[in-house]
Amino acid sequence: MSSNTVTITLNGREFKLIGTAHVSRESIEEVRNIISNEKPDMVCVELDQGRYNSITQNDNWEKLNLSKVFREGKGFLLIANLVLASFQRRLGNELGVKPGEEMRTAITAAGEMGIPHSLCDREVHTTLRRAWARCGFWSRSKLLASLLASAFTTEKLNEQEIENLKDKNELDGMMSELAAYLPAVKAVLIDERDRYLASKIWTSTPPEAAEPKKIAAVVGAGHMQGMIAHLEKLASGEVSADVSELDKIPPKGFFSKIAKFIIPAAIIGLIAAGFITTGKDLGLEMIKNWILWNGSLAAVGAIIALGHPLAILVSFFGAPLTSLTPVIGVGILSGLVQATFSKPRVSDVQNITEDSTSLKGIYRNRITRALLVFFFSSLGSSAATFILIPLMGKLLAS
């Protein structure tokens, strides 16, 4: 049996954990062989309902309402989800393996043998939102930079390098790097999900409510050691199997709630001080700088995204105003305009996953183009804000 598979017996039940790389041909064969030969009472897979739908339903993206995504302020979540999916898809294309195929194989093999299966992972949107909530400003910036780097990288991994990702030494090194670079993200993406997966696997039972004696769990190799530790704690009664708190988005702290008001208040305060202390000339100069810098950088962002002319205009005129309100960002407006005047086509919906794997495809697809307009106009406006606050302070002090 592969060294990527670990069998542990706890409280009279056998847990067979199959560690996989999500675009590994060997993992697919290993999963199929173990389920066929071992005939477990239950098969658990590292999938949530959303990702299960995405690998089993071809029309999953047809349900996407892009305008609703922007109105509800979920643009960054959708970008993160797409980037993560496109990175795996690109690796899979290079190796001729569909991402998540080992999970589909596990479910198919279980179904053919009449074995019940269970989806044991947390919803990906919950995971991303919890990771975002745990990050401070610099961690969020580093996370976005990492996501963008993975989206546009041209580095290729061969099949042996993919298989090496299941090796304990390789994984330990990767986990150490992630913990050092983004500890809050590692805690949510890895540590919390180790516990979540272990608890769901521990409590999974067939529909007939008979307790399974042998459980096969197909999970990413990076979760193996953490899951084993949590399963042992569950068996000893050291921890509870209740993980409902991990499905909740942490409430914003007091500082987070007021932070979005602080910057607009600081800007308005600086402009007011300019009028009060030195007369209208300085105040008007500050207003002119604010409009030109904020509008121009937001518009440049929309231009970089090859946005619709109206989206570029909305970015220019909207950024100076939206930056002074905590309830809406310019990216929401520019993204809505882009999605309205450059409506996604049927082909954009059908090809979004494939298009997201290349820079050319991202610009060609109207859905991802709208997301680029949203992202780059927001980035431009934010950059202008951080440039202008010290600049305005310097003008006031001179």
Side-chain angles (χ1 to χ4, degrees), residues 1-48 52 97 100-122 162-175 190-241 243:
M1 186 174 294
S2 168
S3 60
N4 302 313
T5 299
V6 175
T7 302
I8 56 174
T9 301
L10 300 168
N11 294 3
R13 291 192 291 168
E14 182 180 289
F15 295 87
K16 193 170 295 291
L17 308 181
I18 309 169
T20 73
H22 294 311
V23 287
S24 162
R25 199 183 312 275
E26 285 187 16
S27 291
I28 296 170
E29 293 303 317
E30 184 176 13
V31 165
R32 182 184 292 110
N33 292 336
I34 289 176
I35 293 175
S36 298
N37 295 333
E38 298 289 336
K39 299 178 177 59
D41 301 309
M42 168 68 80
V43 172
C44 298
V45 293
E46 184 199 326
L47 285 177
D48 60 86
Y52 172 78
V97 179
E101 188 63 26
E102 85 281 22
M103 302 295 172
R104 189 206 296 261
T105 297
I107 293 171
T108 300
E112 291 172 350
M113 300 178 66
I115 300 170
H117 73 269
S118 176
L119 308 180
C120 293
D121 203 0
R122 181 171 60 187
I162 293 292
E163 296 305 324
N164 289 344
L165 294 178
K166 296 183 286 186
D167 181 75
K168 186 176 184 295
N169 292 331
E170 293 274 350
L171 287 170
D172 287 346
M174 290 172 62
M175 291 302 102
I190 306 298
D191 300 339
E192 282 189 3
R193 288 176 61 226
D194 288 348
R195 178 186 165 198
Y196 193 96
L197 287 163
S199 296
K200 292 298 181 181
I201 290 168
W202 181 262
T203 56
S204 292
T205 56
E208 297 80 7
E211 184 176 276
K213 298 298 182 184
K214 182 186 291 187
I215 301 171
V218 184
V219 298
H223 292 292
M224 293 280 282
Q225 296 304 312
M227 285 178 58
I228 291 170
H230 281 292
L231 285 169
E232 290 173 346
K233 290 178 181 179
L234 287 165
S236 66
E238 183 179 342
V239 296
S240 169
V243 289

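Each residue takes its place number in the sequence, starting with 1.
Judged purely by atom type and a 3.5 angstrom limit, Arg13 uses its side chain to pair as donor or acceptor with the backbone of Trp202.
Atom CD1 in Ile215 sits 12.0 Å away from atom NZ in Lys16 (nearest 0.5 Å). Interatomic distance, CE of Met103 versus OG1 of Thr108, reported as 13.0 Å (0.5 Å rounding). In this structure, Glu46 CD and Glu102 CD are separated by 8.0 Å, a value rounded to the nearest 0.5 Å. Atom-to-atom distance recorded for Thr7:OG1 and Glu38:CD is 7.0 Å, nearest 0.5 angstrom. Between Leu10 atom CG and Leu231 atom CG the span is 6.5 Å, to the nearest 0.5 Å. If you take CG on Asp121 and CD1 on Ile201, they are separated by 9.5 Å, rounding to the nearest 0.5 Å.
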Step-by-step salt bridge (Lys or Arg N to Asp or Glu O under 4.0 Å) determination, Arg195 to Glu192: CA-CA 5 Å; Arg195 178 186 165 198; Glu192 282 189 3; over 6 Å; no
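Counting all heavy atoms, side chain and backbone alike, Cys44 lies closest to Met42 at SG-CG, 3.9 Å. Taking every heavy atom of both residues into account, Ala106 and Val45 meet most closely at CB-CG1, 3.8 Å. A pairwise comparison of heavy atoms in Ile190 and Gly222 identifies CG2-O, 4.4 Å as the closest pair. Nearest heavy-atom pair, Ala198 versus Leu234, reported as atom, atom and distance to 0.1 Å: O-CD1, 3.8 Å. Across all their heavy atoms, Val43 and Ala110 have their closest contact at CG2-CB, 3.9 Å. Counting all heavy atoms, side chain and backbone alike, Lys213 lies closest to Asp41 at N-OD2, 2.9 Å.
Met227 pairs with exactly one of Ile8, Val219, Val6 by the side-chain contact (heavy atoms from CB on, under 4.5 Å) rule, that one being Val219. Results of the side-chain contact (heavy atoms from CB on, under 4.5 Å) test with Ser204 over Ser118, Ser199, Pro116 single out Ser118 as the only residue that passes.
With contacts defined as side-chain heavy-atom distances shorter than 4.5 Å, the pair Glu30/Thr20 does not qualify. Taking 4.5 Å as the limit, some side-chain heavy atom of Leu47 sits within range of a side-chain heavy atom of Ile107.
Remark: Asp48 pairs with Arg51 by the salt bridge (charged side-chain N to carboxylate O under 4.0 Å, His left out) rule, at least two apart or across chains.
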